[in-house]
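As structure tokens, the structure follows; a few thoughts come after it.
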Amino acid sequence: MKPAIVFVGCVLATSPLQAKELTSVGISVGSLGNPYYVALAAGAEHAAKEINPNVKVTALGFERDLNKQVEQIDNYIAAGVDMIVMSAADPKAIEPAVAKAKAAGIKVLAVDNSVDNADVIVTTDNVAAGTIACQYIADKIGGKGNVIIQNGPQNSGVIDRVVGCKEVFGKYPDITILSDNQDGKSSRDGGMDVMLGDLTRFPDIQGVFTCCDPQAIGSDLAARQLKRDGIIITSVDGAPDIVEALKSDTLIEASASQDPYGMAVTAVKMGYDLMNDKPVAEPKMLVTPKLVTRENVDQYKGWGG
């Protein structure tokens, strides 16, 4: 009798594809001397290390130099990073560098200002930020008086804030915009220099909107130096320094808050989903700002970090 031959069938279990590992992230922001960009970089690093504690994160400031930012992106491409988190020096001029990174398989995440061909865009609704900050001035001066719009580096965020501010002031026939084209360079020194010039040129000013908090701090210092008062200063950011200014004897009365830390966290999480071919519901996300004033500053929780 021949022995029976038994075939034992086996079923190969199928397991879901393993998620791609996040090994390296490159960050390119305006300046690591600016607390806003420090918070942005910290948020991106925190989110990346939640995904992989061993991820390599490199953060660099391009110091308002477009060519330097392009060079940073080229270096990140050469290093083979998985994603680039960036705040663009110029949203249009940077697009070729973004396209080059994407062609190399790198996810590009635009935080703070918009770049049309980025994979993910997470920004404050900057038109709304300019609107609420300048409406505060208009209300405080009773819809009449002379105002300054202190401009800044021409990225999408600054441009949109000025648009929102002008829309407000344009509704009041008795509000005169004395100046709107001076660049405070998103810095305390830049804001101080511009404000010193404006205070020298214009003897009668009721309100000043600055495009970011460091410029507001500098503008207040300039007014103190020239012993000018009776001017309402508002801004955008909700930075730690502005919180102290709102609690102190300064001319600064309000700031439209952002959350650079939280926006960067959100962007990295969305970028990681895209790395793993998971669709994101809103690849372009606008975060609504809130106005922080002397009246409500004690309830303000500050940046997400």
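The structure displayed is predicted, hence computed values, not measured ones. Only heavy atoms go into these numbers, but all of them, side chains included; no hydrogens, no water, no symmetry mates.
Cluster membership check: V280 does not share its hydrophobic cluster with I84, using side-chain heavy-atom separations under 4.5 Å among Ile, Leu, Val, Met, Phe, Trp and Tyr. With hydrophobic clusters built from ILVMFWY side chains whose heavy atoms lie under 4.5 angstrom apart, L199 shares a cluster with L251.
At least one side-chain heavy atom of S87 sits under 4.5 Å from a side-chain heavy atom of N113. In this structure, V120 and K107 have side chains that are not in contact, with every pair of non-hydrogen atoms separated by 4.5 Å or more. Using a 4.5 Å heavy-atom cutoff, the side chains of V147 and I141 are in contact. Between T293 and E253, every side-chain heavy-atom pair lies at or beyond the 4.5 Å cut-off.
R294 and I252 get closest at one heavy-atom pair: NH2-O, 2.9 Å. The heavy-atom pair separating S186 from P153 by the smallest distance is OG-CD, 3.3 Å.
W303 and Y36 have perpendicular rings, their planes meeting at more than 60° on a 0 to 90° scale where under 30° would count as parallel.
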Inset, instruction - Start with the C-alpha distance between D82 and V25, add both sets of side-chain angles, then the distance that settles side-chain contact (heavy atoms from CB on, under 4.5 Å), and finish with yes or no. - result: CA-CA 6 Å; D82 298 306; V25 176; 5.8 Å; no
Inset, instruction - Decide side-chain contact (heavy atoms from CB on, under 4.5 Å) for V268 and I51; before the verdict, give the C-alpha distance in whole Å, the side-chain angles of both, and the deciding distance to 0.1 Å. - result: CA-CA 9 Å; V268 169; I51 295 167; 4.1 Å; yes
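The line from CG of D119 to CG of N117 is 8.5 Å long, rounded to the nearest 0.5 Å. To the nearest 0.5 Å, the span separating NZ on K185 from SG on C212 amounts to 12.0 Å. Distance CD1/I175 to NZ/K144: 11.0 Å, rounded to 0.5 Å. Separating the CG atom in D259 from the CG atom in L40 is a distance of 9.5 Å, to the nearest 0.5 Å. We find the CG-CZ distance between N146 and F202 to be 9.0 Å, quoted to the nearest 0.5 Å. Here the straight-line distance linking atom OH of Y136 with atom OG1 of T234 works out to 9.0 Å at 0.5 Å rounding.
Taking the side chain to side chain donor-acceptor pair (under 3.5 Å) definition, one finds that S31 meets it with E63, sequence neighbours left out.
The only option from I159, D183, D90 that meets the side-chain contact (heavy atoms from CB on, under 4.5 Å) definition with Q154 turns out to be I159.
The main-chain N or O of M86 is never found under 3.5 Å from a side-chain atom of S28 such that the two would form a donor-acceptor pair. Not a single donor-acceptor pair under 3.5 Å links the side chain of N126 to the backbone N or O of D160. Remark: side-chain polar atoms of S156 are paired, donor with acceptor, to backbone N or O of S114 under 3.5 angstrom. The main-chain N or O of Y272 is found under 3.5 Å from a side-chain atom of N276 such that the two form a donor-acceptor pair. One N or O on the side chain of Q69 and one on the backbone of A89 form a donor-acceptor pair closer than 3.5 Å. Side chain of Y300 to main chain of G238: a donor-acceptor pair is present (N/O by atom type, distance under 3.5 Å, no hydrogens or angles).
The environment of NZ in K102 is crowded: more than 12 heavy-atom neighbours from other residues, nucleotides or ligands sit within 6.0 Å. When the shell of 6.0 Å around NZ of K247 is examined, it contains more than 12 heavy atoms from other residues, nucleotides or ligands.
Looking at R188 and D241, a side-chain N of the basic residue comes within less than 4.0 Å of a carboxylate O on the acidic one, giving a salt bridge.
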